[in-house]
Amino acid sequence: MKSLVLEKKDEINLRDFPAIDRVEETLGPRDVRIKLHTVGICGSDVHYYTHGRIGPFVVNEPMILGHEASGTVIEVGAEVQTLKTGDRVCMEPGIPDPNSRATQLGMYNIDPAVRFWATPPVHGILRPTCVHPEAFTFLLPDNVSFAEAAMVEPLAVGVHAATKARVKPGDNAVVMGAGPIGLVTALAALAAGCARVYVTDLSEKKLEIAGSLSAAITPVNVKSESVVDVVKRDTDGWGVDLVFEATGSPHAAKTVFEPLCPGGCVVMIGGQPDPIQYDAGAAMVREARVENIFRYAHVFPRCVGMLSSGAIDVKPLITRTFEFSDSVNAFEIAASAPPADVKMQIVLPQ
Ligand code: ZN
């Protein structure tokens with residue numbers, strides 16, 4: 001039973017990992033056992049590989065990577081009601097403490113005790129099987145593929161961001177960054193009712209993909225164009241209603257209010273390993289609302305519903321697929337940040 005193990009910073013191996021069999025593979029009455037099918041490579045997985053840590057989360061012991069997953073139920077616990085063997089599913093990777101104050105208040109994503117796959121010391125799911133609570137495992141309609149289902153996790157971030165932004169029909173938005181999270185945010189903002197979404201990046205290839213997603217997306221290469229100029233030109237100088245920051249770049253964070261209209265909202269999404277600064281004066285004169293998001297809560301069924309209905313199509317975001325046996329190579333490629341790739345996925349042997 002091979003797993004993809006991050007031994008320490010800069011070292012990944014595909015190898016047997018016996019500890020996981022004993023500790024984390026016991027099926028409780030309300031758990032299901034899942035055979036993994038497709039796992040997306042996330043920026044966070046790559047960051048642990050290249051840096052050995054994200055903020056306070058440090059890889060001190062070998063850890064299995066991966067948290068964006070779909071698979072098939074192969075065993076159900078005695079009290080499981082909604083799932084059965086053979087069901088195709090996707091999984092929400094964070095399991096909160098059901099009795100915590102944050103969970104009781106409906107904010108289980110910010111429960112300090114949440115156990116989230118591939119966040120030290122919790123193992124991820126680049127392994128043949130896993131055990132997961134029924135409550136965080138979601139049935140897939142027949143028309144949602146395993147590849148699309150493994151995109152539900154990043155899509156959930158975009159949907160949570162659009163929800164926090166309180167998008168209204170006809171809003172205009174800027175999404176800073178055309179990586180996977182920027183693009184799922186653009187798709188979620190459109191699904192929530194935006195009339196136009198300007199997506200910025202430095203990579204022409206990523207912007208090409210952005211532009212191909214919808215006629216309502218305007219790609220803006222900030223290497224050659226100012227997004228503020230483009231927005232002001234299109235909105236009679238007023239600005240956009242919403243700005244989503246999805247680059248994680250301190251430089252971009254400094255400029256978030258520039259394209260924003262008076263009374264607009266900025267949503268900070270991009271992971272910020274270091275403290276960032278933004279212009280509070282620019283926020284003040286606009287009476288801007290600022291939202292910060294951390295992962296998501298209560299959105300997986302909505303994401304599955306939108307993939308099934310066609311309201312959102314994530315397929316163009318999946319730019320490369322690797323066999324599990326090739327996953328060390330996949331991570332090396334992902335770590336080189338190829339400009340033409342958005343989401344890379346790994347398919348496990350079935
Ligand atoms: Zn992710």
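Sequence positions, counted from 1, serve as the residue numbers for this chain. Both ligands and their constituent atoms are indexed starting at 1 by order of listing.
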Inset, instruction - Please say whether more than 12 non-hydrogen atoms of neighbouring residues, nucleotides or ligands are located less than 6.0 Å from CD in Q350. - result: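 It does: Q350 CD has more than 12 such atoms within range.
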
Legend entry - Test salt bridge (charged side-chain N to carboxylate O under 4.0 Å, His left out) applied to D341 - qualifying residues, sequence neighbours left out: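 Residues passing salt bridge (charged side-chain N to carboxylate O under 4.0 Å, His left out) with D341: R320.
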
Inset, instruction - Apply salt bridge (charged side-chain N to carboxylate O under 4.0 Å, His left out) to K232 and list each qualifying residue two or more places apart in sequence or on a separate chain. - result: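 For K232 there are no salt bridge (charged side-chain N to carboxylate O under 4.0 Å, His left out) partners, ignoring immediate neighbours.
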
Inset, instruction - Write the atom name of the N, O or S atom in E68 that is nearest the Zn ion (ligand 1). - result: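 Among the N, O or S atoms of E68, the one closest to the Zn ion (ligand 1) is OE2.
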
Legend entry - Which atom of E153 approaches the Zn ion (ligand 1) most closely (N/O/S):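 Per the distance ranking, E153 contributes OE1 as its closest N/O/S atom to the Zn ion (ligand 1).
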
Legend entry - Pair Y296, E92: side-chain N/O donor-acceptor within cut-off below 3.5 Å: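 No, E92 and Y296 have no side-chain donor paired with an acceptor closer than 3.5 Å.
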
Legend entry - the Zn ion (ligand 1): angle it makes with NE2 (H67) and SG (C42), nearest 10 degrees: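 It comes to 100°.
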
